[in-house]
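Below: the structure, in structure tokens.
Scope of the values below: all heavy atoms of this structure, side chains included, with no hydrogens, waters or symmetry mates. What you see is a predicted model; the values in this text were computed from it and never measured.
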2 protein chains.
Amino acid sequence: MSQGPKKTIPEKNMILSATEGGPMEGILTQWRRERPDIDPTPMAVCGEIWRAGEKLRQGVLSNISNYNLDFAGMDVLFTLRRQGEGETLSPSLLAKDMMLSTSAMTNRLDRLEKRGLVKRMMDPNDRRGQMVALTDEGFDLANEMVVSHVQTEEKMLSNLSSDERQHLRFLLEKIE
Amino acid sequence: MSQGPKKTIPEKNMILSATEGGPMEGILTQWRRERPDIDPTPMAVCGEIWRAGEKLRQGVLSNISNYNLDFAGMDVLFTLRRQGEGETLSPSLLAKDMMLSTSAMTNRLDRLEKRGLVKRMMDPNDRRGQMVALTDEGFDLANEMVVSHVQTEEKMLSNLSSDERQHLRFLLEKIE
DNA sequence: CTTATTTATTTTGATATCAAATTATTTGAC
DNA sequence: GTCAAATAATTTGATATCAAAATAAATAAG
């Protein structure tokens, strides 16, 4: 209440809370004791990114499981939905878009097709190729699901102001 | 060269580069067209986190595969190594630490034990329990590997200043 | 035209994971 | 002490993934 100038306190708190108290700090302490020759902060940064990603993934998954879907299925439905109504993508493009093997995509599409959410159509210009589209049911489901999906994400990000979110993206994009 | 005050330009650039050019921007554009009623920026933030995490994972994996290991094995080795030489953890604790099922941990330990990197010992105080420790070989490998591991991460984070890294962690920790 | 190469998708075989069941042991209630 | 509930680890069964092989069709070179 009487020590430093008030001006510096917010900044100080910011820095402190990024290095204290977090679940990462114990790990860093261990490494510093075992390998004082190594600066472990890169591990902390990467670890926080993975931890945050995992937390977000859990939250998103818990929402979409209300629709009897998993992350994989949601990914396909949303990718197709945001192309626009009636638009199609080939299995190869879908796989590339999601950084997935084409065989994994075959499997995902099989499951979604069995549930009636997507349909495969022959590509009229290339008999090797297929055109994958949402069914009406898939389109409606994606339309409904995206609302609660974004709400779920919004809730998990609610401690971040708009500026902070932008800054977070800015920093993440600098990762090589 | 003659328009606005120079002072604001860095901030402006910062904001611009977080919303333009990134691999996320096309996706946002699609969503804005299809669902103008929904603010898609939460998807962008989450997507950036997952994207960055995946990129880091790839880099780390490409380094540890020089040691014929995968992410799973590295995780176990490092968790044991940072406990200190000769320290042990039970399979349950290891599993909890890595947010993994105990059966997955059984599998990981089987593989590492087969390679002679860890050993299982009976817990003298609880005949149900085990104490997992690094072998000498495992200890040496962890010691060698952590150097290039941190270097690899450091390289991928090299575009971020020390302050930026701290700020990044600060922001990530706000995710609920 | 024919053959070789590339491209699109599926199938096969292997593996890491999880949830649930199993086995063995400890802890707690009485 | 005995029985029930909790805990530690493994086994089992199912599944999603990948890499590599297989199938089929388009493209290119001669």
Original post:
Do any pairs count as a ring-ring contact (aromatic ring centres under 6.0 Å, His included) and have a residue in residues 77-130 of chain A, sequence neighbours left out, and if so which ones?
Top reply: Phe78(A)-His149(A), Phe78(A)-Trp31(B)
Original post:
Is a donor-acceptor contact shorter than 3.5 angstrom present between the side chain of Ser103(A) and the base of dA19(D)?
Top reply: yes
Original post:
Got a sec, which residues hit salt bridge (Lys or Arg N to Asp or Glu O under 4.0 Å) with Glu85(A), two or more places apart in sequence or on another chain?
Top reply: none
Subject >> Glu176(B)/Lys155(A) ion pair, N-O < 4.0 Å >> reply: no
Subject >> Residue closer to the 5' end of DNA chain D, Met99(A) versus Asp126(A) (nearest nucleotide) >> reply: Met99(A)
Subject >> Start and end of the DNA chain C segment that chain B contacts, any atom under 4.0 Å from a heavy atom >> reply: dA16(C) to dT26(C)
Original post:
Quick one: do Glu173(B) and Lys55(A) make a salt bridge, cutoff under 4.0 Å?
Top reply: no
Original post:
Between the axis at one end of the helix from dC1(C)-dG30(D) to dC30(C)-dG1(D) and the axis at the other (five pairs apiece), what's the angle to 10 degrees?
Top reply: 10°
**OP:** With sequence neighbours left out, write down each residue that passes salt bridge (Lys or Arg N to Asp or Glu O under 4.0 Å) with Glu154(A), or none if nothing qualifies.
**Re:** Arg165(A)
**OP:** Nearest-nucleotide wise, let me know which of Arg108(A) and Arg127(A) is further upstream toward the 5' end of DNA chain D.
**Re:** Arg108(A)
**OP:** For residues Gly84(B) and Arg33(A), report the shortest heavy-atom separation together with the two atoms involved.
**Re:** CA-NH1, 4.3 Å
**OP:** Looking at every strand, decide which applies to Asn107(A) at a 4.0 Å heavy-atom threshold: base, sugar-phosphate, or nothing.
**Re:** base
**OP:** Whole angstrom is fine here: how far is it from CG in Leu93(B) over to C1' in dT7(D)?
**Re:** 12 Å
Original post:
Starting at the 5' end of DNA chain C, which residue's closest nucleotide do you reach first, Gln130(A) or Asp70(B)?
Top reply: Gln130(A)
Subject >> Of all pairs that satisfy side chain to side chain donor-acceptor pair (under 3.5 Å), the ones with a partner from residues 89-104 of chain A, not counting sequence neighbours >> reply: Arg82(A)-Asp97(A), Ser101(A)-Ser103(A)
Subject >> Test log, rule side-chain contact (heavy atoms from CB on, under 4.5 Å), inputs Val150(B) and Val147(B) >> reply: CA-CA 6 Å; Val150(B) 174; Val147(B) 176; over 6 Å; no
Original post:
dT7(D), dA24(D), dA9(D): which one has an atom nearest the side-chain heavy atoms of Arg128(B)?
Top reply: dT7(D)
